[in-house]
Amino acid sequence: KPEFGKAIDKKVYQASIKFFEEVLQLLHPFMPFITEEIYHLLDESRTDDLIVKQLNFPQQPDKKILEEGKTLKELITAIRDARTKHSVKPKDPITLFIQAGNASFYSSIEDILIKQINADKIEVSMERVPGAIAIVAGKEKVYMATNKEIDTKPQIEKLTKDLDHLKGFLNAVNKKLSNDKFVENARPEVIELERKKKADAELKISVIQESLSAME
């Protein structure tokens, strides 16, 4: 989506048309006439028809792009929620500090993230940022700095509530993994999933506890 008053990038436009055509092809068995009509309106010079067009063979998913998309979604959602809770208007610029060791990962999504959260800049650093709003987004810990005076009480209440929920969740997972019958009878992939849940919960608990300590 281009900025207001600016034309859409040609590469983005062509990719959007391609995705739209694929959606039309999937819908064609259920809505044959209208999808066929739209398909030809998109390119009046084409000679093929949806009714005989073969679906492309599915490719292996790009795990890097999927991970970037997931991280972007979690960051954007968490930062927008934090803006609302602390009465920081969407038009008010912020500076975002991300605690992460892998700066190159964020360089690939920086432009999109800056635009979506209206940040003047984004920095990747392992240092705490005094006076900034601490945010937990999935496995990420970030600080949102703004010129607005911040009341940390709502933030502490929210993090404490999240911490209690995660501790309860972790306790339930640990009970499963300590149950000999469950471990003996469950499929290996089920056991592995529970262990992943345990690791994720422990990481999130650690991040939240660090954030709460920084605000005390």
Asks: Could you give the distance from CG (L72) to CD1 (I112), rounded to the nearest 0.5 Å?
Replies: 5.5 Å
Asks: Step through the shown structure and confirm whether more than 12 heavy atoms of other residues, nucleotides or ligands are within 6.0 Å of CD on E37.
Replies: no
Asks: Can you tell me how far CG of N171 sits from CG of L166, rounded to the nearest 0.5 angstrom?
Replies: 12.5 Å
Asks: Excluding sequence neighbours, so at least two apart, what forms side chain to side chain contact (heavy atoms under 4.5 Å, CB included) with E36?
Replies: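 Partners of E36 under the side chain to side chain contact (heavy atoms under 4.5 Å, CB included) test: H28, Y39, H40, D49, L50, I51.
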Asks: Is it the case that atom NZ in K73 sees more than 12 heavy atoms from other parts of the structure closer than 6.0 Å?
Replies: no
Asks: Return a table of donor-acceptor pairs under 3.5 angstrom between the side chains of residues 185-195 and protein atoms on other chains or two or more places apart.
Replies:
{"unit_1": "N185", "atom_1": "ND2", "unit_2": "K181", "atom_2": "O", "d": "3.0"}
{"unit_1": "R187", "atom_1": "NE", "unit_2": "E189", "atom_2": "OE2", "d": "2.9"}
{"unit_1": "E194", "atom_1": "OE2", "unit_2": "K197", "atom_2": "NZ", "d": "3.3"}

Asks: Hey, any chance I117 and V124 share a hydrophobic cluster, counting ILVMFWY side chains that come within less than 4.5 Å of each other, even indirectly?
Replies: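 Same hydrophobic cluster.
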Asks: Between V183 and L177, what is the shortest heavy-atom contact and its length?
Replies: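 Looking at all heavy atoms of both residues, the closest pair is CG2-O, 3.3 Å.
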Asks: Under 3.5 Å, sequence neighbours excluded: what are the donor-acceptor pairs made by side chains of residues 55-63?
Replies:
{"unit_1": "Q59", "atom_1": "NE2", "unit_2": "F57", "atom_2": "O", "d": "3.1"}
{"unit_1": "D62", "atom_1": "OD1", "unit_2": "K64", "atom_2": "N", "d": "3.0"}
{"unit_1": "D62", "atom_1": "OD1", "unit_2": "I65", "atom_2": "N", "d": "3.3"}

Asks: Would you say the side chain of L24 lies within less than 4.5 Å of the side chain of L42, judging by non-hydrogen atoms?
Replies: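 Yes, their side chains come closer than 4.5 Å.
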Asks: Find out whether E123 and L96 are in side-chain contact, i.e. whether some heavy atom of one side chain is under 4.5 Å from a heavy atom of the other.
Replies: no
Asks: Could you check whether any side-chain N or O of S16 sits under 3.5 Å from a backbone N or O of V12, counting only pairs where one atom can act as donor and the other as acceptor?
Replies: yes
Asks: Let me confirm one number: the CG-CD1 distance from D43 to I17, rounded to the nearest 0.5 Å.
Replies: 9.5 Å
Asks: Partners of T95 by side chain to side chain contact (heavy atoms under 4.5 Å, CB included), sequence neighbours excluded?
Replies: F97, D120, K121, A145
Asks: Report yes if some heavy atom in the side chain of E67 is under 4.5 Å from a heavy atom in the side chain of T71; otherwise report no.
Replies: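 Side chain of E67 against side chain of T71, heavy atoms only: contact under 4.5 Å found.
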Asks: Got a second to check how far I38's CD1 is from I34's CD1, nearest 0.5 Å?
Replies: 4.5 Å
Asks: Under the side chain to side chain contact (heavy atoms under 4.5 Å, CB included) test, which residues partner N118, sequence neighbours left out?
Replies: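 In terms of side chain to side chain contact (heavy atoms under 4.5 Å, CB included), with neighbours along the sequence ignored, N118 is linked to R83.
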Asks: Please name the pair of heavy atoms, one in L159 and one in I208, separated by the smallest distance, quoted to 0.1 Å.
Replies: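 That would be O-CG2, 3.5 Å.
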Asks: Verify the neighbour count for atom OH of Y13: are there more than 12 heavy atoms of other residues, nucleotides or ligands below 6.0 Å?
Replies: no
Asks: If we ignore hydrogens and angles and just use 3.5 Å, is the side chain of Q25 paired with the main-chain N or O of K53 as donor and acceptor?
Replies: yes
Asks: What residue pairs, at least two apart or across chains, pass salt bridge (charged side-chain N to carboxylate O under 4.0 Å, His left out) with a residue in residues 152-171?
Replies: K158-D162
Asks: May I ask you to say whether K196 pairs ionically with D200, meaning some side-chain N is under 4.0 Å from a carboxylate O?
Replies: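 Salt bridge: yes.
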Asks: I need the L75 CG to Y106 OH distance, nearest 0.5 Å.
Replies: 6.0 Å
Asks: Could you report the tightest heavy-atom contact between T146 and P93, atom names first, then the distance?
Replies: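 Distance-wise, the nearest heavy atoms are OG1-O, 4.4 Å.
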Asks: What distance do N147 atom CG and D92 atom CG have between them, rounded to the nearest 0.5 Å?
Replies: 9.0 Å
